[in-house]
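Numbers here are sequence positions counted from 1.
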Amino acid sequence: EGPAYEYKKHIKNIEKASKVHQGAILDLYELLRKKGLDKEASMLLEAYKKNLVTFKKTYDKISTD
């Protein structure tokens with residue numbers, strides 16, 4: 001119904017891509033940790049989380065309007 005119907009395909013694609021992206025980030029995080037690069041791994045994870053929070057707030061605002 002209304003805009004929600006129009007956005008459904010795009011929302012589903014974003015959700016799928018987000019899962020793939022998250023998996024790739026976590027794989028790299030684990031690789032860095034295995035190589036003893038804990039500082040770099042932590043920096044990567046923190047940057048990812050910060051960007052994810054910003055994106056999620058914007059995404060939620062747009063998708064609920």
Would you compute the distance between atom [atom1] of [X] and atom [atom2] of [Y] and round it to the nearest 0.5 angstrom?
{"X": "Leu44", "Y": "Leu37", "atom1": "CG", "atom2": "CG", "result": "11.0 Å"}
{"X": "Ile14", "Y": "Lys9", "atom1": "CD1", "atom2": "NZ", "result": "12.0 Å"}
{"X": "Leu52", "Y": "Lys50", "atom1": "CG", "atom2": "NZ", "result": "13.0 Å"}
{"X": "Leu26", "Y": "His21", "atom1": "CG", "atom2": "NE2", "result": "10.0 Å"}

(message) Would you say that Tyr48 contacts Leu28 through its side chain, given a criterion of any heavy-atom pair below 4.5 Å between the two side chains?
(response) no
(request) Could you tell me which residues satisfy salt bridge (charged side-chain N to carboxylate O under 4.0 Å, His left out) with Glu15, sequence neighbours excluded, listed by chain and number? (result) none
(request) Answer yes if Phe55 and Ile11 sit in the same cluster of Ile, Leu, Val, Met, Phe, Trp and Tyr residues linked by side chain heavy atoms under 4.5 Å apart, and no otherwise. (result) yes
